[in-house]
Structure formats: C-alpha cells, structure tokens
Amino acid sequence: MTEFLSFLMNGVVLGLIFAVVALGFTLILGVMQVINFTHGILFALGAYFAFSMQKHVGFWLALILAPLLVGVVGWLLERLVIHRTYGGNPLFGLLLTFGLAMALEEVIRMVWGKAGYSVAAPRFAAGSLDLGFMIYSKYRLLLAALAILIILLVWLFLEKTPYGAIIKAGASDAEMVMALGKNLPRMRTFVFAIGSVLAGVAGVIAAPIWSVRPTIGTAILMPAFVIVVLGGIGSFWGSVLAGLIVGVSTSVSVMFWAQISDIIPYVIMTAVLLFRPRGLMGEKSVLEV
Amino acid sequence: MAILMTEGLTKNFGGLRAVDSLTLGIEEGKLTSVIGPNGAGKTTLFNLITGMIRPDAGRALFHGEDITHLPIHQIVRRGISRSFQILNLFNELTLFENVWLGVQAQQGHGRELLSPADALGSVEAETHRIIKEFGLAGKEEVPVKLLSYGDRRILEITISLTAKPSLLLLDEPTSGLVSEDRKRISEFLKKLSTRLTLLVVEHAMDVVLSISDHIVVMHQGRLLAQGTSEEIRANPRVQEAYLGGQYRLA
Amino acid sequence: MEKKGSTRISRRTFVKGAAAGVALLGSGAPPVIRRALAADPIYIGVVSPASGNYADHGMMERLGMQMAAEEFKDKGVLGRPVKLVVEDDETDPQVAARKARRLVEVEKIKYLIGGVSSSVAVSVGEVAQRYGALYIASNQNSDTLTAQYARRCVFMVPPDMAMALRTQAPYLLEKVGKRWYFFTHDYEWGWSGTKWARIILQKAGGTDLGESKIPLNTRDFSAFLLKARAAKPDALVITVGGVDLAALMEQMHEFGTYKETTLVMTLINLEDLWAVGPGKMEGIYWMEWYHEIEAPGVKEFVARYKKRWPGAPIPVPTANTLNGYIGVRELLRAVDRAGKDDVTAVIKALEGHTVRDSLKHDPIFIREWDHKFVWASYVVRSKKPDQMKDRADFAEVVRWAPGKDTVRTREENPVNLGPYPGQ
Amino acid sequence: MGRGNAWRKRLANPMWAVFLMFALFPYIPYIGRYISLGTEVVIWSLFALGFNILLGYTGLPSFGHGAFFGIGAYAAGIYFLRVSKGLWGPLFMSALIAGIAAALIGFLVAKKRGIYFALITIAVSQVFYFIAFRWDDLTGGETGLSGIDRMDLGIPGLLRIDLSPPLTYYYFVLAIFILCTLLIWRIVHSPFGRVLQAMRENELRASYLGYHTAAYKWAAFVVSGLFSGLAGGLYTLLINSAFAFVLDWTQSGNVVMMTLLGGGTVNFFGPVLGAAIFIVSRDLLSAYWESWMLLYGLIFVVVILFIPSGILGLIGGRKQTVLR
C-alpha cells in the first residue's frame with residue numbers, strides 16, 4: 001500500500017508538470033488554432049536559460065527571469081512569422097512551427113552544444129525527505145507546489161480578469177472579440193507569449209530532474225499532444241485532469257508492467273476517443289468546423 | 001396530409017432557448033413560409049430538421065418516420081433537401097461541376113473508384129438538362145466564385161434540387177438580392193411549388209405574402225401564429241409582437 | 001544504442017572539436033576530384049554519429065580513427081595514401097544504412113568502420129554484407145553482432161556484455177554482496193547485461209530480488225527507483241545507456257539511492273561520467289578501457305592524444321577513442337598484410353590474427369569463427385571528488401580479466417559466418 | 001468534355017515525362033550511380049502520392065501518415081521472416097496490413113477535420129511507434145529486423161530476374177510505382193475522387209447533396225493507407241531491414257512537407273517533385289554541413305510563408321481546377 005501511495009504521488013508530481021506544459025499548448029491551440037510544434041522547444045529553452053542563469057542569479061531569480069525570456073522568444077516568433085498563418089489552412093501553422101522547431105533545436109545545439117548538462121536543484125531542496133510513510137525527493141515536493149501555484153495563477157487569470165474573459169471568448173469566436181472592440185492581433189500575440197511562458201516555466205522546474213539536452217523539447221511535445229486530445233481541446237480543467245491521468249498512469253503502470261508504461265497514455269487516449277470523440281471535457285469546438 | 005411534423009422540438013444554446021417546444025405540421029404540396037424577427041429560431045429549426053444539429057428534446061417526423069437522429073445524408077436521401085442563407089457552394093469549382101456533383105450523388109456513382117468520372121454519360125446529360133432548365137446555360141465553365149450573386153442564389157437552389165427532394169427547405173432564398181432578381185426568384189419558387197413541398201424562411205414580406213400558401217410565425221423560438229397570408233396579415237398579435245411597429249405588413 | 005550518455009562540452013572546445021570534425025569530413029569534394037588528386041588512395045568510410053544523442057561518443061571515436069590514419073601518412077598502405085571519408089549516421093539505423101550504401105555504391109568504398117549503437121551497427125553490417133564490403137563495428141557492445149547478426153563481412157572490436165559481466169560479477173559477489181536488483185534497459189543490449197549477470201548470480205547461489213525493465217527514452221526514473229529501494233538490494237545492477245543514463249544518474253543522486261545500496265554499472269563510458277560530473281556517481285563500473293591503466297604503450301598513447309587534440313571536448317582518450325584507433329589501425333595493417341586491396345583477402349588477413357600492441361594488459365586475438373576481437377576489460381571503482389587528481393580522473397581500476405577467460409566459447413555461441421564475398 | 005482529342009490529351013499528360021525521367025535516372029552522369037537514392041526517391045514519391053489522396057484531394061491534413069509507411073515496412077519484414085520468404089507475399093501484406101490499420105484509425109478520425117484531424121492523427125500514430133519499439137518479439141525492438149532478402153522475380157519456366165542488385169530492384173520499384181501512379185490517377189479522376197474533392201471544397205454542402213461524407217473520408221483514409229503501406233514494404237526490401245525509426249512522427253512531417261513543397265495541393269505530380277527535391281537535398285546537405293537541420297527547418301518556414309502552393313503552384317500560378 002505504501003508502495004502504491006508513493007507511485008501515486010510520483011505520478012501526481014509528473015502529471016502536474018505535464019499539465020503546465022499542456023495548458024500553454026492548449027491555450028495557443030484554442031485561441032490561435034495553431035498546433036504549436038515549437039512548444040517543446042520553448043520548454044527546452046526555459047531549461048537551458050535557467051541552466052545558464054542559475055550560476056549567476058540563483059534558482060529563484062532564474063525561475064522568474066528564464067520563463068520571461070522564453071515569453072520574449074515566443075513573442076518574437078509570433079510577431080515575426082507565426083501570425084502570418086492565422087486563418088489559413090491549419091496545416092500551414094503546423095508545418096511552419098514544425099520547421100521552426102527543427103531549426104531552433106539545431107540552434108540550441110549550436111549554442112549549448114550537442115551533449116546534455118545536469119542542472120542542480122537548489123541547495124535547500126536537494127536530497128530526500130522522510131515523510132513518515134515514505135521517503136521522497138524534496139525537490140519534487142517543491143516542484144509540485146510550484147506547479148500547483150502556476151496552474152492556480154493561470155486559472156485566476158482566465159476566470160477573474162477581463163483579459164481572461166476575452167481569451168476565452170476569443171477561443172470560441174474571433175468575431176465576437178472584434179465586436180468587443182479589442183485588438184485581436186495584439187491579444188493573440190499576448191496569448192502566444194503567455195503560452196510560451198508556461199512552456200518555459202515548466203522547462204525551468206523540470207530541468208533539475210530530467211537534465212537538459214537538445215532533444216528534451218521533442219520528448220515533452222508528445223505527452224502534451226496526448227493530454228490535449230485526452231482532456232479536450234481548449235478545456236482548462238480537461239488539460240489538468242488529463243495531465244494527472246497521464247502522469248499517474250505512467251507511474252503506477254511501472255509497478256505492474258513497466259514496459260508498457262509509456263504506451264498507457266496513448267491507450268487511454270484511444271479508448272476515450274472511441275467513446276468521447278471530443279476528449280474528456282471537450283465541447284464541440286469551432287475547430288471542428 | 002402533413003409531410004413533415006415536428007413534436008415539441010427544443011434546442012438550447014447555452015442559456016438561450018433557440019427553439020422552444022415547437023410543434024408544427026407542414027402540408028404536402030404547399031409552400032409554407034416561416035417568418036419571424038432575427039433570433040426567432042428559424043435557421044435553427046432548419047438545422048434541426050436536416051440533421052445538422054441535434055435537438056435537446058422533441059422529434060421530427062418525415063412521412064411519419066422519425067428522422068431526428070439520422071445523419072444529414074440519410075435525411076437527404078429520404079427526400080429533404082435545403083439551401084442556405086449564406087451561400088454554401090463549391091466556390092472553386094465551375095457551375096457545371098457543382099451541379100454535376102449533385103446529380104452524381106443522386107444517381108449514386110460515388111462509390112466507383114476506378115471508372116473515369118468523365119465517362120458518366122447519364123450524369124453529364126442530366127447536369128446539362130438541369131442547368132438549362134434553371135436558365136444557367138452558357139455559364140457552365142465559369143468558376144462559381146466568379147458568377148453574379150443572383151446566379152449563385154439560383155445555383156444554391158438548383159443544386160439543392162439535384163437530390164430530387166420531396167421537401168425543400170429554403171433559407172432566405174432572396175437574401176441580398178436586388179428587387180429584379182428577387183422577382184426572378186419568386187417566379188422560380190412559384191413554379192417549383194407546383195412540383196414539391198417547399199418550406200421557406202424569408203424576410204422579404206412582399207415575396208412571402210405573394211407566394212405562400214401557408215405562413216408560420218416564430219417568435220423567440222416559439223410558434224406565435226400560423227395561417228394563410230390573409231389570416232396572418234390580420235392577426236393583431238403578429239402585428240404587435242413580431243413586428244414591434246417597425247415593419248408594416250403590406 | 002549502447003552505452004551512450006552525453007558530454008559536457010564547453011563552447012570553446014566544442015568549436016575546436018568541430019573544426020577537427022570538419023578536417024575529417026572528407027566527403028565534401030566529389031570523389032572524382034578527390035581521386036584525381038591522389039594516386040588511388042585507400043578509402044575508409046566512417047559511419048559515425050555527428051548529430052543525434054551520441055554525437056559526443058562519435059566525436060571521440062573519430063579522433064582515434066584519425067590518429068590511426070595519420071600513422072600511415074608517410075608510408076601509406078600498399079604504397080597508396082589513406083583517406084577517411086566521414087558520414088554522419090545521426091544515430092538512426094535508417095540514415096546509417098543510407099550513408100553506408102552511398103559510400104559503397106557511389107564512392108565505391110570497400111571498407112567501413114563506425115557504429116556507436118547496436119541498431120546502426122546491424123544496419124551497416126547488413127549493407128556491407130550485401131555489397132561485399134568489409135565493416136568494422138568499432139563501438140557497439142551488444143552480444144548479438146557476433147551471434148545472430150554475425151556476418152562474414154563484419155568484425156566487432158569492443159568486448160561484449162558477456163565479457164563485461166564475467167569480468168565484473170565475480171568481483172561484486174566477492175566484495176559487495178549476493179542480493180541484487182536489476183535495472184534493464186528494455187532492448188537487446190540491456191537484456192544481455194542483465195541476462196549474464198543473472199546467470200552468474202544464480203551459479204553463486206545469490207538472491208535475485210527482481211528486475212525493472214526500463215523503456216527506452218525514459219525521462220523520469222523516480223517510479224523505478226522507488227521500486228528498487230523497496231527491494232533493499234546489496235547491489236543495484238544497472239544496464240542502462242544512452243541519453244537515459246545521465247537522467248538516471250541525476251535522479252539516483254536526487255533520491256539518495258547511492259546511500260542505500262551499491263550502484264553497479266555493467267557498462268559505462270568516460271563520456272557519461274564526464275557529462276554528469278564529479279561526485280554524482282558513486283559505485284562500481286565495468287569499463288572497456290581506462291586511460292590510467294598500467295599497460296604497455298598507454299602513457300604514450302594518452303600523450304599523443306593530448307598533443308594531437310589539445311582542444312578536444314574530453315582531454316583524455318576514452319574507450320571509444322581507443323576502439324576507433326585500433327579499428328582503423330588493424331584494418332590498414334591487414335590490408336598491408338594481405339598485399340592487395342581486396343575485401344576477401346583483408347578478411348582472411350584479419351581472421352586468426354594476434355595484435356601485440358593492444359594498449360591493454362593482454363594482446364588482441366581476432367577470432368576467425370565469429371570475428372570478435374578478444375581482449376581485456378576492467379572493473380573500476382569511482383573516486384570521490386577529493387581523491388581525483390584531475391577532472392577526468394573518475395575511477396581506480398580494481399580488477400581486470402583477460403579476454404580469453406571471459407569471452408563466449410564456440411559451444412556457447414555457435415555461429416556460421418557463411419562464404420567469403422564473391423564466393 | 002469533348003472526347004475527340006482524348007488520345008492527344010492522354011499523350012500530353014506529364015505522367016509520361018515523369019516516368020521517362022525516372023526510367024533514365026540510372027544513366028544520368030555521377031548522380032545516376034547512386035541508385036539506391038533513386039530507389040528511395042521513387043518509393044517516397046509513391047508514399048507522397050498516396051498521402052496526397054488525403055491532403056491534396058480530400059483536404060485532410062493527416063499528420064500521422066508515417067505510421068502506415070512504418071506498418072507496411074514491418075508487415076513486409078515480419079511476413080518475410082516469419083511466414084514465407086517470397087517477393088509478392090511481403091509486398092501484398094504491407095499494403096493489406098497498413099490498409100487494415102488505416103481502416104481502424106479511420107473510424108476514430110472520419111468525423112474530424114482541420115486541425116482536430118491533424119492533432120488526432122499525430123497522437124494515434126504514436127501508438128504504433130511505441131508498439132514497434134516495445135513489442136520486441138515481433139518487431140525486434142530497437143535493433144529492428146534485418147536479413148530481409150529480395151527474392152527473385154520470376155514467371156515459372158519463363159524468366160527469373162535477380163532483384164538483389166540495386167539496378168534491377170530500382171526498375172522493379174519503378175514498375176510498381178508506375179502501376180500505382182496509374183491507379184491513383186484513375187482513383188482521383190473517378191466519381192469517387194470527385195466526391196473527395198467536393199468534400200475538400202465544402203464538406204457540409206457535400207453532405208447536403210446526399211454524400212455520406214464520413215464514409216468517404218474513411219475510404220480515402222484506407223486507400224491512402226494502402227499505398228503508403230506498400231511504399232513502406234518496398235522500402236523494407238530496399239534496405240533489407242525494418243526499424244522503428246520509420247514510425248517516428250518526424251517522418252510524418254517529412255511526407256507532408258514533400259507533398260506541399262512540390263505542390264501537391266495544386267498538381268497531381270507535386271508530391272513526386274517534392275519527394276525528389278526533399279530527399280536529394282537532404283542527402284547533399286547532411287553530407288556537407290553538420291548543422292543541416294537548421295537550414296532544413298528554415299526551408300520549411302520559407303516554403304510555408306512564401307510558396308504555400310508549392311513549386312508547381314509557383315510555376316503554374318493557378319489553382320488546380322479540381323475536376324477534370
């Protein structure tokens with residue numbers, strides 16, 4: 001039982017990171033209708049920026065600055081190229097970001113080298129902690145707390161601020177936003193930057209446990225896809241729930257049949273799609289028409 | 001005899017009740033018009049009948065058969081066809097190709113993978129016949145997006161007819177037309193109504209009053225009144241509630 | 001995907017290293033031109049990762065290959081100059097096969113070398129066999145290349161996992177304990193590591209506490225670590241490689257696993273240790289070779305390496321470097337012995353040959369019936385950061401075993417290499 | 001619609017030029033020596049043509065099509081190694097098994113379109129990638145399958161052709177490519193093909209004409225999967241092995257890019273041109289420059305931003321008339 005608890009808890013922590021990544025992804029997907037392949041690279045950039053900064057400014061400042069820097073990168077990408085694909089064939093946005101991701105991964109190789117680096121956890125969170133019923137990594141507990149905080153902040157932002165209301169409206173009806181007299185292009189850029197920041201911050205907090213390497217971005221992208229499809233496109237709680245499902249199922253399946261642990265999320269997703277074609281919490285979306 | 005019956009048809013969008021327990025019978029062979037202010041639920045009613053959206057409650061019967069949960073193409077094959085208020089055509093294709101696709105669907109060749117499409121003589125002949133019948137001859141090779149708006153309106157109705165429906169739903173067939181074209185369409189509808197049952201949503205009152213056998217008035221998703229042109233014209237509730245003084249029924 | 005990890009490369013050394021790589025990339029000029037320049041050189045096609053997850057290992061082996069080729073710069077082979085033509089396999093067997101085909105089909109190259117991962121080695125071996133070229137698998141450790149994938153045209157330089165465990169496991173039984181738990185990377189190479197360890201453990205009457213099969217590309221090992229911890233083993237016997245290894249080491253440090261059990265790596269490369277850095281990995285490893293061993297010629301070899309590659313990402317040669325060096329050197333010597341530039345003749349010159357200057361404690365014997373290079377390997381114990389005399393000094397050698405005592409016998413591995421090319 | 005000049009039209013079809021060019025490829029100086037690259041171009045052309053039934057003709061942005069190529073590759077390999085050593089058996093199985101997989105996935109995606117279609121095809125195709133990596137007993141896992149020989153092509157008692165030399169295999173693949181191209185040409189110009197194009201233009205209208213659009217999409221998916229699978233089978237015989245890497249989602253991205261780059265959305269032969277340019281340039285770039293991926297990614301960006309209708313779209317300058 002204790003063993004099961006620890007696997008469960010581990011899955012929850014993993015799921016929380018996945019959820020943060022997927023939230024940014026689904027936000028961009030919902031508002032811009034772009035499948036953003038650069039999301040994984042933005043995640044990787046967050047990790048690399050944090051790695052380079054931590055030596056100089058420490059963990060906490062890097063935790064703030066690195067995601068902001070990633071947000072700037074996202075903002076630039078959106079302003080320079082990605083915005084040109086809006087409203088066109090959905091394939092264009094997808095291929096454009098696919099190409100960008102390829103190029104940016106190479107840029108990461110050129111700047112930071114082909115090999116990986118290990119990133120140190122902050123000293124106060126290094127090592128493990130005896131929780132009584134189990135011994136657990138201190139850093140992972142910190143990470144879980146940070147992820148929950150971020151998810152709550154995003155939720156508050158979407159629910160409690162006027163900007164959030166517009167974003168939600170924008171996800172379903174661009175014309176409505178126009179009618180509200182808001183500047184749609186600026187809002188889109190803003191949302192893209194927010195999504196990038198979320199990818200970046202997930203990268204920063206995940207770096208100490210996964211270490212950084214150029215391919216880390218591609219590796220996180222597929223879980224994000226699964227989570228968004230599983231949870232339902234554009235659904236906030238759908239993403240969080242699906243993130244937790246993916247995390248927990250991956251972790252717990254290790255107990256029983258480790259080889260299939262990374263297939264499990266896909267199996268769940270396929271099963272859910274058979275019965276709920278729009279995912280767990282997805283509603284009929286403008287994206288389908 | 002009613003060709004189409006709706007029983008307590010209801011559809012909500014969020015908090016809004018677009019169609020509210022609507023019970024209605026459409027007489028076979030007649031031209032029935034549905035009128036009502038914007039947001040009365042007319043287009044939603046069409047979408048419900050033709051399977052584009054599913055009702056929250058109630059059902060629709062066609063020739064006594066429940067068609068509420070049939071997919072669109074099944075409903076079309078049973079004999080209900082429709083046109084759209086916002087033109088819904090294959091814009092990149094030519095006029096000929098638009099009609100051709102409809103005729104082919106009706107003749108059921110779509111499953112043929114290996115025969116050349118150009119060799120379907122019966123489809124081609126029927127396509128030419130229909131184009132001529134509806135006065136569009138000579139424009140076969142023009143891409144639809146380059147046709148005049150009036151022609152496109154006609155085409156919108158024409159390709160709805162290729163399915164050989166027994167009931168045709170027309171959503172604002174004169175929308176956006178100048179009065180000359182509008183007349184052309186009214187003539188056209190009158191001619192049509194001798195052949196099949198028509199259900200028409202229309203804003204242009206002159207058209208409605210001149211062509212309709214029967215008029216249904218909707219208001220906020222509900223049935224407000226129905227009857228002949230004269231009855232509707234005389235109905236004070238319609239005058240007051242629906243028109244709100246803005247329009248006068250001429 | 002053998003034993004790869006990642007290497008910390010500073011920007012400066014990386015650039016220099018890259019420059020070295022460019023010097024090696026000879027395929028830039030069309031072969032027609034190249035052939036016009038030199039009097040019919042002997043070409044060796046190098047299929048080695050310059051990108052992908054194993055780029056650092058690929059670079060280290062190419063540095064060794066270059067050193068070997070340069071030994072023949074003055075005298076040449078059969079009076080002809082030697083040229084290496086380098087292709088990047090991207091650590092993808094499909095790409096590797098394409099590049100190999102290009103080398104033999106278009107450039108008409110007869111000799112291939114390289115292959116850091118087993119799938120690449122298998123696919124390049126397949127191409128070589130079909131085109132009648134000779135392939136030297138320089139750096140893959142899977143047992144299968146000299147078993148089910150054994151081919152007449154393929155030779156394997158490094159020791160395999162059977163040799164690894166037969167060298168290391170007795171030491172563990174003696175010094176650490178008999179209760180083992182296994183981490184197995186879930187593919188050929190991982191299975192063979194755990195398989196050989198289990199055979200030896202069983203014979204010694206030890207306790208097998210279980211195994212976690214770890215899927216490739218696992219990013220998060222916490223669940224596996226929790227499971228292993230619950231078993232309370234004396235030794236956690238790990239056969240995990242690739243990019244996953246660095247993450248695993250990181251997380252074992254995070255969970256403090258090394259405090260509770262002895263960590264055992266059935267195979268580790270200096271590149272992996274270099275990537276994780278000092279102090280992160282305590283335990284007992286098997287290594288093919290270590291630059292501090294007291295074998296004849298090693299000191300000179302290390303000195304030559306440092307002189308030739310002052311800006312290299314890792315300041316000392318690794319086992320990958322040695323294998324690359326030995327592979328090219330022995331290939332060229334065999335061409336020389338054969339007296340002609342002919343694949344069958346060179347294969348025959350390699351078969352049954354003994355190499356005295358192996359840079360290990362025993363000579364290399366190249367077995368004629370499975371094409372395996374039989375030579376020693378080493379068990380090492382990690383050094384604590386304060387014991388290290390420089391940043392590359394990770395380990396001290398605690399035991400070594402000659403290749404002939406650990407390699408599979410013909411009874412254990414009956415293979416048939418088939419006919420010689422063209423016969 | 002006149003049929004008087006039908007023959008002249010048929011002869012003027014660029015198809016023959018394409019076939020002729022491929023037939024002469026081995027005799028082009030220098031590059032012609034690289035026959036297996038040529039074979040690869042032909043195979044990927046077939047893959048891209050099959051894929052384009054979905055993308056170009058039906059307007060469905062499948063982003064998981066590498067799965068069918070990969071399934072075909074494994075089906076051929078497994079059939080050869082486990083069931084029966086032959087030439088036609090593995091190729092037949094590659095198309096069949098990929099078709100069955102497409103039929104199954106088709107159920108999940110037939111009602112979707114646009115970005116949602118892309119998203120689900122990506123995610124679902126990953127299942128096959130993991131299966132290939134994990135189900136070692138069947139697929140050989142990471143090491144893959146090898147030792148898949150090309151058996152002789154023969155008509156009993158008449159002739160035998162040894163397909164193991166690269167050149168004979170090239171012509172064998174080319175012959176299959178020509179047959180499949182004719183077949184695909186036929187399909188996209190059939191009544192069925194026209195329905196696909198109608199759905200691309202306006203799916204709602206197509207269903208209001210009485211077409212069962214989900215069924216047509218499903219059928220298009222299956223047909224496309226069959227050809228993709230066959231291409232995968234031919235690829236397995238080319239490299240005499242099968243690896244899980246063929247199922248990686250970047251492969252799916254590549255085939256989309258080839259199709260788009262050449263101009264698959266405006267011209268039947270766009271995918272062929274795209275495949276040729278894509279494969280040859282990748283081979284050259286990666287031989288000359290370590291960081292070729294950077295350039296490659298940027299090519300994607302440039303194509304999408306500046307020539308979204310592909311090279312043939314750029315030259316042709318017009319949108320394809322969809323019928324005829």
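Reminder, nothing fancy here: chain letters follow the sequence lines and each chain counts from 1.
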Are C/R130 and D/D149 ion-paired here, with the side-chain N under 4.0 Å from a carboxylate O? yes

Are more than 12 heavy atoms from other residues, nucleotides or ligands located less than 6.0 Å from atom CZ of D/F92? no

Exercise: identify the closest heavy-atom pair between D/I239 and C/E126: O-CG, 4.3 Å

How close do D/G144 and C/Y149 get, heavy atom to heavy atom, and via which atoms? O-OH, 3.6 Å

Which atoms of D/P166 approach chain C - backbone, side chain, both or neither, heavy atom under 4.5 Å: side chain

Atom group of D/F130 that falls short of 4.5 Å from chain C, counting heavy atoms: neither

Chain C contacts, top residue of D/L284, D/D248, D/I148 (heavy-atom pairs, under 4.5 Å): D/I148

Would you compute the distance between atom OG of C/S119 and atom CZ of D/F243 and round it to the nearest 0.5 angstrom? 6.5 Å

Among C/E105, C/R102, C/R98, find the one that has a side chain to side chain contact (heavy atoms under 4.5 Å, CB included) with D/S36. C/E105

Contacting moiety of C/Q94, where chain D heavy atoms sit under 4.5 Å: both

Go through the steps to decide whether C/E90 and D/M293 satisfy the test side chain to side chain contact (heavy atoms under 4.5 Å, CB included), and finish with yes or no. CA-CA 11 Å; C/E90 296 167 38; D/M293 289 257 290; 5.9 Å; no

Applying side chain to side chain contact (heavy atoms under 4.5 Å, CB included), run through C/Q148 and D/S146 and close with a yes or a no. CA-CA 10 Å; C/Q148 72 186 95; D/S146 62; over 6 Å; no

Validation row: D/L238, C/R101 side chains within 4.5 angstrom (heavy atoms): yes

